[in-house]
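The structure presented is a predicted model; accordingly, all values stated were derived computationally and were not measured. Residue numbers begin at 1 in each chain, while the letters A, B, ... track the order of the sequences.
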Amino acid sequence: MNSLEQHISSLAKSAVKALYNVDAEDSQIQLQKTRPEFEGNITLVVFPFVKLARKAPQAVAQEIGEWMLNEQMVNGQIVNKFNAVQGFLNLSISDAFWVEQLKAIDADANYGRFKYPNGKINDQMVHPLMMVEYSSPNTNKPLHLGHVRNNLLGYSIAQIQEANGWKVVKTNIVNDRGIHICKSMLAWLKFGNGETPESSGKKGDHLIGDYYVRFDKEYKKQIAELMSKGMDEETAKKEAPLMLEAQEMLRKWEANDPEVRALWAKMNEWVYAGFDETYRRLGVSFDKIYYESNTYLEGKSEVEKGLASGAFYRREDGSVWADLTKDGLDEKLLLRSDGTSVYMTQDIGTAKLRFQDYPIDKMVYVVGNEQEYHFKVLSILLDRLGFPFGKELVHFSYGMVELPNGKMKSREGTVVDADELMDKMIADAREISKDKVNTLQGITEDEANEIARKVGLGALKYFILKVDPRKNMLFNPAESIDFNGNTGPFIQYTYARIQSVLRKAETSDFRNVDMSKSRNIEEKELALIQRLCEYPTAVRTAGEEFSPAILCNYAYALACDFNSFYHDLSIINEPDEQKKALRLLLSRNVAKVLRTSFALLGIEMPERM
RNA sequence: GGUUCAGUAGCUCAGUUGGAUAGAGCAACAGCCUUCUAAGCUGUGGGUCGGGGGUUCGAAUCCCCCCUGAAUCACCA
């Protein structure tokens, strides 16, 4: 609730008390922005009071409106005038109030961020700590568009929660062991001829990914061969020599076989170098990285402890299980009969190490909705094992990125590669900018490339983040991502325009807007101020709902409002100094809010484009 | 089959705890650059909010039943 809403809310409560002698609940005070077809800025919905008043809605609205105007004769005027339409009381707010709001926004360098009661955003008092896990790649293939969505959501939500007062630790759990890596390793040994990133010029993650695909190809050949000899498919999949070799390799890995370990370490290094580059280009980062190869043994020992405490039980074949039937779920395997760990075991171990490293108050896992069951179970298990954040852990579950013909599948090559996609977006941005001969004259090649990078990535990131994270989204590779309309570049362009205006404004100090002189704020100016006032609510809601999309929508609305204002009204050519000062002040703060909201999305702003 | 999530304009998506005549963008069509950046602005057309009941002053939103799609229910991760 912003300060206008607070004012009107308490005014409305007073009105209801005075008129009907009832203390209104907060939930009964329903405020909304006045729809453009009516006069006014903010609207009180009076339906909740019509029963108390025993009057028609229209009459109640009229009555409350009149009471408000009278009341303010005494207590200073915020509400200027009103009109009542059915059950809706539309209130017009005074210009002075709006100017005051704008000045307050301008004075606040951290506008929109959560502030402690002392006004600081980073008090020395203990922050609640939120750990956000995201990305969490397998090391057998390069990142694709699905990972991009994960990374962008994870990074953005970390920024948003930080703006909402959390101390945030961004973390990544790298899935660096298991049968999938052995497949790549094996294929590389058999068919690689010693190929390295250096010798081939391929990024390490792509090189490894190629061998993962190669494994699958050869494996399928073997299956087909076995089946042609009369073996059934099920058996053929198990008996194919390549699969047996891969499993043997995994056993050697677990037994610390020096050769296997050395190969594993070398190939992982290649992958990490590739990932690092992709992360850097995407603009995401981590405060602490965990590796599954270091956590899975922790998980096993945690499970052993749970076994000792009676939280879990062992079956005759030696496998360890958790009985979740009391929680309405099934029984869950934690250790295989051969003693090896499963995914769940590793997540428990990772949680343990993390909790040793940080005083976690809230744990957030940014993981696709295909793993909802897994996290439901993990939450219960961590709680049983005594992790304080277990019960309340957040699985930030997001939807899949689908292609027109369905899901992306690495092994079948139907993936949109992250690196290629970024290349394409940046190249597209560069191409488009070539047609814009106007303002980009005289800039260097490097500057032009840097703008294209920001704009291309801005288009990509906004395209992904503007969709409600919970929903599946569609990406059609045949249609390029737009640079016009409701897009990142549209908002970046709005920002760049403002920067251009501010550069041209001869003075940098235009805060001397004199409110004492009554002056009429134009409708489009007022709409902009009101929109700016909504920013803190957008930041807070985005945090509560775990939805960067809310900030996208907000930034888009603000940019639309500004462009309309910019089209209709002159800024630096305005002869009236007061009006000009107000418009410059407005422009500067629109730019500020666009920039900070985009920063929370992980999108950079170009100063010109 | 059980559970969970989704279904809104030709396409991609918005739509706060139920509020006024359901909104954007793209695509289509028609206008606006000798004037602060036209990646912009303005306008036109386009809807059985999957279907049917119910709750009430009021339902895209809440409840029930169906239809469709997705995910999941592994000694995979």
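Spacing of C1' atoms, B:A28 relative to B:G10, comes out at 10 Å, to the nearest Å. Across the C1' atoms, B:G31 and B:C36 are found 23 Å apart, a figure rounded to whole Å. B:G47 and B:C41 are spaced 25 Å apart, taking the P atom of each and rounding to whole Å. Taking the P atom of each, B:U21 and B:U34 are spaced 43 Å apart, rounded to whole Å. One P atom belongs to B:G45, the other to B:A30, and the distance between them is 15 Å to the nearest Å.
Side-chain contact, A:T43 with A:N90: a donor N or O sits under 3.5 Å from an acceptor N or O. Side chains of A:T494 and A:N563: a donor-acceptor N/O pair is present below 3.5 angstrom, by distance only. Checking A:N268 against A:T139 by side-chain atom types alone, a donor-acceptor pair falls below 3.5 Å. Side-chain atoms of A:Q346 and A:Y290 include no donor-acceptor pair closer than 3.5 Å. Side-chain contact check for A:S341 and A:K300: no donor-acceptor pair (N or O, by modelled atom type) lies under 3.5 Å.
The phosphate of B:A77 (OP1 or OP2) has a side-chain N or O of A:R336 nearer than 4.0 angstrom. Taking only side-chain nitrogens and oxygens, A:R583 never comes nearer than 4.0 Å to OP1 or OP2 of B:C36.
Using a 4.0 Å heavy-atom cutoff across all strands shown, A:I572 reaches at least one base atom of the nucleic acid. Among the protein residues, A:D338 comes within range of no part of the nucleic acid, since none of its heavy atoms lies under 4.0 Å from any strand. Across all strands shown, A:N476 has no heavy atoms under 4.0 Å from either base or sugar-phosphate atoms. At the heavy-atom level, A:V455 lies under 4.0 Å from base atoms of the strands shown. Contacts of A:S570 with the nucleic acid, taken as non-hydrogen atoms under 4.0 Å apart, include base atoms. Among the heavy atoms of the strands lying under 4.0 Å from A:F490 are primed sugar atoms or P, OP1, OP2 only; no base atom is included.
Checking B:A39, B:C57, B:A77 against the side-chain heavy atoms of A:F47 singles out B:C57 as nearest. In this structure, of B:A38, B:C13, B:A14, it is B:A14 that holds the atom nearest to the side chain of A:N553. Taking every side-chain heavy atom of A:D468 into account, B:A14 is the closest of B:A77, B:A14, B:G40. In the set B:C76, B:A6, B:A39, the nucleotide with an atom closest to the side chain of A:K471 is B:A6. Considering only side-chain atoms of A:N563, the nucleotide from B:A39, B:G40, B:G19 that sits closest is B:G40. Listed candidates were B:C36, B:A39, B:C57. Nearest to the side chain of A:K51 is B:C57.
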(message) So if I define the base as every atom that isn't primed, P, OP1 or OP2, how would nucleotides 20-26 of chain B read as a B/S/- string at a heavy-atom cutoff under 4.0 Å?
(response) B--SSSS

(message) Each nucleotide in nucleotides 69-74 of chain B should get exactly one letter: B, S or -. Can you fill that in based on protein heavy atoms under 4.0 Å?
(response) -SSSS-

Protein-nucleic acid N or O pairs under 3.5 Å, nucleotides 29-35 of chain B:
none

(message) Could you write out RNA chain B as dot-bracket? Rules: Watson-Crick or G-U wobble, both distances under 3.5 Å, brackets [ ] for crossings, | for pairs with another strand, dot for unpaired.
(response) (((((((..((((.....[...)))).(((((.......))))).....(((((..]....))))))))))))....

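Nearest-nucleotide assignment on RNA chain B puts the 5′-proximal partner with A:Q30, out of A:V501 and A:Q30. If you find the closest nucleotide of RNA chain B to A:A429 and to A:L569, the one lying nearer the 5' end belongs to A:L569.
Judged by atom type and distance alone, A:S337 reaches the base of B:C75 through a side-chain donor-acceptor pair under 3.5 Å.
Between the side chain of A:R583 and the backbone N or O of A:S570, at least one donor-acceptor pair lies under 3.5 Å.
Around atom CD of A:E25, no more than 12 heavy atoms belonging to other residues, nucleotides or ligands sit under 6.0 Å away. For A:K238, the NZ atom is loosely surrounded, since the number of other residues' heavy atoms within 6.0 Å does not exceed 12. No more than 12 heavy atoms of other residues, nucleotides or ligands shown are found within 6.0 angstrom of NZ on A:K237. Heavy atoms from other residues, nucleotides or ligands lying under 6.0 Å from CZ of A:R470 number 12 at most.
We find the SG-CE distance between A:C182 and A:M243 to be 11.0 Å, quoted to the nearest 0.5 Å. Note that CZ of A:F598 and OH of A:Y495 are 12.0 Å apart. Values are rounded to the nearest 0.5 Å. From A:L582, atom CG reaches atom CD1 of A:I571 across 10.5 Å, with rounding to the nearest 0.5 Å. To the nearest 0.5 Å, atoms CG (A:D568) and CD (A:E525) are separated by 10.5 Å.
Ring centers of A:F215 and A:Y212: at least 6.0 Å apart, outside the cut-off.
Because its glycosidic torsion is more than 90° from 0, B:C63 is reported here as anti.
Here the side chains of A:E254 and A:R177 are in contact, with some heavy-atom distance below 4.5 Å.
For the contact set between residues 171-181 of chain A and RNA chain B, defined by any heavy atom under 4.0 Å, the members are A:N175.
Scored by the side chain to side chain contact (heavy atoms under 4.5 Å, CB included) test, A:S597 finds A:Y535, A:L551, A:A555 as partners (sequence neighbours excluded).
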(message) Before you tell me yes or no, could you show the steps for A:R336 and A:T340 under side chain to side chain donor-acceptor pair (under 3.5 Å), namely the whole-Å CA-CA distance, both residues' side-chain angles and the distance that decides it to 0.1 Å?
(response) CA-CA 5 Å; A:R336 295 190 187 98; A:T340 57; 2.9 Å; yes

